[in-house]
Amino acid sequence: SVPVSYDTLYGVSWSPDSKLIAFGCADNTVRAIEAASGKQVLQMGSHSDWALSTAFSVKGDHVISGGRDMSVKLTELAEQRFVDNVTSITPGALKGGVLALATHPQFEEIVAAGSDGLPKVYRIFREVKREIGDDAQFIADLFPTQGRVFSVRFSADGRRIAYGGGLDRAGELVVCSYDFTNEVPKALRDIMGKVPRTRKPEEQKQLDDYKLQGIREITRVAVTNSEIYAVAFSPDGAQLMAGGSDGKVRIFNSTNGTLL
């Protein structure tokens, strides 16, 4: 047990080697500690509001954090150095606080989700010089859901994404495919790096076609009388567990949404 900060902690995540634990704080900081000793190894204070979610990069050398300030930020672990925003710095690029993050098990990509109910996929690392109006690391929107998204997860093979949320005691669970066997091709990353209004119609079509190749909705389940606060795939990806505001954990078939 380690006392940290002075208020609620949010968005706990494990490093890939299970040696570190990252979390966000109500004092706007993101921190990481050694799991064995409790020693603090990271403190980052670049969020301007509560830090609500965290995730590690695939290599475990960076921490990604989402906040109530409607941003996703990248921090280098070894030097405790804030690197940059993953999301666009253009006002209004995100419509609400970022409550949930998940890292792809193989690619340096994340899903960020939260108050606006629309999860988005981003590349973690920027490759082009930032321009006002760009959203260079954005890959694709997923599918909107009812209310806020409180939890998002990749399956172990990275081929599916599940997320859950809700509003006013009405919950929803969504599973979609992420059928990509490689990271985003360089030619498409170059297009993504452009300010959206400067892209040619044929370039935008290439991005739209890329999404259609790998991202499709598989199943959607309405949950009555309970928002969904936590989701997790079984190791083989066949089942999906969902914890709700009614205190129940439900198990679903992750392909057809049947309650098991």
Side-chain angles (χ1 to χ4, degrees), residues 52-53 55 64 66 70 72 86-88 92-105 107 109-123 135 137-181 183-184 188 192 196 204-224 226-234 237-245 250-259:
L52 299 173
S53 51
I64 305 97
M70 298 183 286
V72 176
V86 174
T87 47
S88 174
L94 291 179
K95 307 299 183 184
V98 181
L99 308 176
L101 292 169
T103 306
H104 192 283
F107 309 146
E109 300 172 1
I110 58 165
V111 179
S115 299
D116 65 355
L118 180 61
K120 298 174 182 288
V121 187
Y122 292 90
R123 290 181 297 116
D135 201 0
Q137 288 153 265
F138 172 72
I139 296 175
D141 290 326
L142 298 182
F143 303 96
T145 187
Q146 181 70 32
R148 300 176 178 88
V149 175
F150 294 109
S151 182
V152 61
R153 288 290 184 273
F154 277 98
S155 58
D157 62 4
R159 303 295 291 271
R160 290 187 176 187
I161 300 169
Y163 48 99
L167 182 68
D168 297 333
R169 295 187 61 78
E172 195 164 37
L173 188 66
V174 179
V175 180
C176 66
S177 66
Y178 198 72
D179 284 330
F180 299 111
T181 55
E183 295 183 339
V184 180
L188 293 182
M192 291 172 180
Q204 185 58 51
K205 185 176 185 303
Q206 290 182 58
L207 298 182
D208 295 340
D209 289 347
Y210 179 75
K211 175 182 176 179
L212 291 173
Q213 288 173 20
I215 301 175
R216 69 184 188 282
E217 186 172 312
I218 294 173
T219 191
R220 181 182 294 260
V221 181
V223 180
T224 57
S226 178
E227 293 95 341
I228 298 300
Y229 285 151
V231 299
F233 281 101
S234 60
Q239 298 176 346
L240 184 66
M241 279 56 72
S245 59
R250 297 169 173 83
I251 303 176
F252 297 91
N253 180 299
S254 65
T255 299
N256 59 29
T258 301
L259 181 64

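Leu167 and Glu227 make their closest contact through N-CG, 3.7 Å (heavy atoms, listed as atom of the first residue, atom of the second, distance). Between Gly97 and Met70, the shortest heavy-atom distance links the atoms N-CG, 3.7 Å. Looking at every heavy atom in both residues, Phe180 comes nearest to Gly214 through CZ-CA, 3.6 Å. Closest approach of Ser88 and Asp135 over heavy atoms only: N-OD1, 3.4 Å. Residues Ala102 and Val152 approach most closely at CB-O, 3.5 Å, considering heavy atoms. Considering every non-hydrogen atom in both Leu259 and Phe252, the closest pair reads CD1-CE2, 3.7 Å.
Atom CD of Glu183 is surrounded by more than 12 heavy atoms from other residues, nucleotides or ligands within 6.0 Å. Within a 6.0 Å radius of CG in Asp209, more than 12 heavy atoms belonging to other residues, nucleotides or ligands are found.
By the 4.5 Å heavy-atom criterion applied to side chains, Thr255 and Arg160 are counted as neighbours. Looking at Tyr210 and Ile139, their side chains come closer than 4.5 Å, going by heavy atoms from C-beta outward. Between Thr87 and Gln137 there is no side-chain heavy-atom pair separated by less than 4.5 Å.
In this structure, the side chain of Ser254 does not engage the main chain of Leu240 through any donor-acceptor pair within 3.5 Å. No donor-acceptor pair closer than 3.5 Å links the side chain of Tyr163 to the backbone N or O of Cys176.
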(message) Show, in sequence, the C-alpha distance, side-chain angles and deciding distance for Val149 and Leu99, and conclude whether the side chain to side chain contact (heavy atoms under 4.5 Å, CB included) test is met.
(response) CA-CA 7 Å; Val149 175; Leu99 308 176; over 6 Å; no
(request) Output, in order, the C-alpha distance, side-chain angles, deciding distance and verdict of side chain to side chain contact (heavy atoms under 4.5 Å, CB included) for Lys211 and Val121. (result) CA-CA 11 Å; Lys211 175 182 176 179; Val121 187; over 6 Å; no
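The distance from atom CZ of Arg153 to atom OG1 of Thr103, rounded to the nearest 0.5 Å, is 10.0 Å. Here the CG-NZ distance, from Leu212 to Lys205, works out to 8.5 Å after rounding to the nearest 0.5 Å. With values rounded to the nearest 0.5 angstrom, Ile215 atom CD1 is found 9.0 Å from Asp141 atom CG.
Counting only residues at least two apart or in different chains, side chain to side chain donor-acceptor pair (under 3.5 Å) contacts with residues 171-180 comprise Glu109-Tyr178, Thr145-Glu172, Arg159-Asp179, Glu172-Arg220, Ser177-Arg216, Asp179-Arg216.
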